[in-house]
Every structure is written in C-alpha cells, then in structure tokens.
Amino acid sequence: PESPPPPYSRLSPNDEQKPLDLSDSTLSYTETEATNSPNITPGDFSDASTSPDAVKRSHWCNVAYWEHRTRVGRLYTVYEQSVSIFYDLPQGNGFCLGQLNLENRSETVRRTRSKIGYGILLSKEPDGVWAYNRSEHPIFVNSPTLDIPNCRTLIVRKVMPGYSIKVFDYEKSCLLQHATDLDYADGPYDPNSVRISFAKGWGPCYSRQFITSCPCWLEILLSNNR
C-alpha cells in the first residue's frame, strides 16, 4: 500500500515528476482504439459524462476549458477514475476540445490549440490526482497543494511531454483547509481548484502574469466528496 500505483510504480516515489509509461494499458486508448475501430467518425466519440450509468455515480471533478478570459463550452463532469482531455482524435473517450466552437478566435489561440494533440490524462489515485502530459509540448500547472506553504509567490510547475505530476495531494489539502487568509493577485483562492495551461506558462517567471493571459487552459474543479 505504500508503493505508488501504476504507471509510475517502478520509479522513485520521491520524484515530483515521473516519466509516463505509454505501454500502460490505461494510457494507450488512442493507439488501440484507432487500430480496432477504423469506421468511427470524429463525431462519434463517447461522452462518458452523459452516459446513463455515469449519472448514477457521484462525480469527483468538473473540467472547464478556457481561452484567455472566455470559458468555451460547458463544464465536463468526470465520473470515471481517469479522463482524457485531448484536442481532436477520431476515436476515444473523454473531453474533446477540438469540438468546442468559438467565433473569432485569435491566431495565438489557434496556434496553441494545434499544440494540444493527445493532451493530458487526469487520474484519481488514493493519494491524490495525477496529470499525465501526453502532448508533444509542455504543460504548466498550479494548484494549492503544489504551492509552498506561507509563500505568497505563485508557483507554476512546468511538466515536459511524457511526464506526470501529482497536481493535487489529498493529505496536504486537508492541512490547507485551515488557511483562510490567503490572497492571490490573479483571482479568488479556491482550495479545490487546479489550473493547467497548454504550451504557455504564466506567473512571476513569464511575461504572462495571470492564467487568463494564457491562450488555452483548463480549470479542474475537484469535488469535496472524494
């Protein structure tokens, strides 16, 4: 029980970021589906959040997709233990960002959207929530449990392609629930929210100071009923 779960069981549990094992069956749905289901069209992907069986179960998070300050599409509710969030694939289950329409997209947003590719896979594990970068470009992550305690500087982690990171730690989260005096310049503090930007970083080390300056980003709203 003290060893981390797959796909990073063979690696040191002390490493913050771990290489992604693409041979793991839970992460290779795109390759297997593309081989076994050649007749499926892009519009036929399964939406796990609206299936009859999924409605009966409690969700563990909602996912919002943003382009700069504009939320695009509806909230995507997640019931399964893991969910893939990708740009545009002919097959596969998950949240397909490529099908979310918005008029008058800027060229910056269009270029960044083209870099999402296989995107990320979010996985709910006993110790917390992990994000696996399946794209060919880095992702940037901020969460309450990744910030340094009592540090008022925003911490944004860069995760390279093929690596994973624990974006939310349940044990640390319980300790942070008592911190009520936190105040951030880039918006209200949510102790159960994770923000992930595709390809573009933000914060003190970047020209973009706020997440709303990023062309394409996700807001992961975690449920307290885990």
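The basis for the numbers below is simple: all heavy atoms, side chains too, and nothing from hydrogens, waters or symmetry mates.
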- When you look at CD of Glu136, are more than 12 heavy atoms from neighbouring residues, nucleotides or ligands closer to it than 6.0 Å? no

- Message: Can you confirm whether Lys124 sits close enough to Glu80 that some side-chain heavy atom of one is under 4.5 Å from a side-chain heavy atom of the other?
- Response: no

- Kindly indicate, with the supporting measurements, whether the criterion side-chain contact (heavy atoms from CB on, under 4.5 Å) is fulfilled by Leu97 and Ile85. CA-CA 7 Å; Leu97 303 180; Ile85 304 171; 4.0 Å; yes

- Parallel, tilted or perpendicular: ring planes of Trp130 versus Tyr132, cut at 30 and 60 degrees: parallel

- Task: State, with a plain yes or no, whether a side-chain heavy atom of Thr212 is found less than 4.5 Å away from one of His68.
- Result: no

- Query: For Tyr65 and Glu67, what are the C-alpha separation, side-chain angles and deciding distance, and is it a side-chain hydrogen bond (donor to acceptor under 3.5 Å, both in side chains)?
  - Reply: CA-CA 7 Å; Tyr65 169 65; Glu67 294 177 359; 2.7 Å; yes

- Query: In terms of the angle between their ring planes, are Tyr79 and His59 parallel, tilted or perpendicular, with boundaries placed at 30° and 60°?
  - Reply: perpendicular

- Message: Tell me whether the rings of Tyr206 and Phe140 are parallel (<30°), tilted (30 to 60°) or perpendicular (>60°).
- Response: perpendicular

- Would you say the side chain of Phe95 lies within less than 4.5 Å of the side chain of Leu100, judging by non-hydrogen atoms? yes

- Aromatic ring proximity, centroids under 6.0 angstrom, Tyr118 and Phe86: no

- Message: Is it the case that the side chain of Asn133 and the backbone of Val159 share a donor-acceptor pair, with hydrogens and angles ignored and the cut-off at 3.5 Å?
- Response: yes

- Task: Return the set of residues passing salt bridge (charged side-chain N to carboxylate O under 4.0 Å, His left out) with Arg110 (not counting sequence neighbours), or none when no residue passes.
- Result: none

- Query: Are side-chain heavy atoms of Val129 and Lys166 found at a separation under 4.5 Å?
  - Reply: no

- Task: Might you work through the side-chain contact (heavy atoms from CB on, under 4.5 Å) test for Asn101 and Val72, ending with a clear yes or no?
- Result: CA-CA 7 Å; Asn101 296 320; Val72 183; over 6 Å; no

- Distance-only donor-acceptor check, side chains Ser143 and Thr145, under 3.5 Å: yes

- Task: Report the C-alpha distance between Ser135 and Ile116 in whole Å, list the side-chain angles of each, state the deciding distance to 0.1 Å, and finish with yes or no for side-chain contact (heavy atoms from CB on, under 4.5 Å).
- Result: CA-CA 6 Å; Ser135 74; Ile116 295 174; 5.9 Å; no

- Query: Do Trp202 and Asn142 come close enough that some side-chain heavy atom pair is under 4.5 Å?
  - Reply: yes

- Exactly one of Ile220, Val194, Leu122 clears side-chain contact (heavy atoms from CB on, under 4.5 Å) with Phe168, and that residue is Val194

- What's the verdict on side-chain contact (heavy atoms from CB on, under 4.5 Å) for Cys216 and Val109, showing C-alpha distance, side-chain angles and the deciding distance? CA-CA 7 Å; Cys216 304; Val109 171; 4.1 Å; yes

- Compute whether any side-chain donor of one residue and acceptor of the other, for Trp66 and Glu219, lie under 3.5 angstrom apart. yes

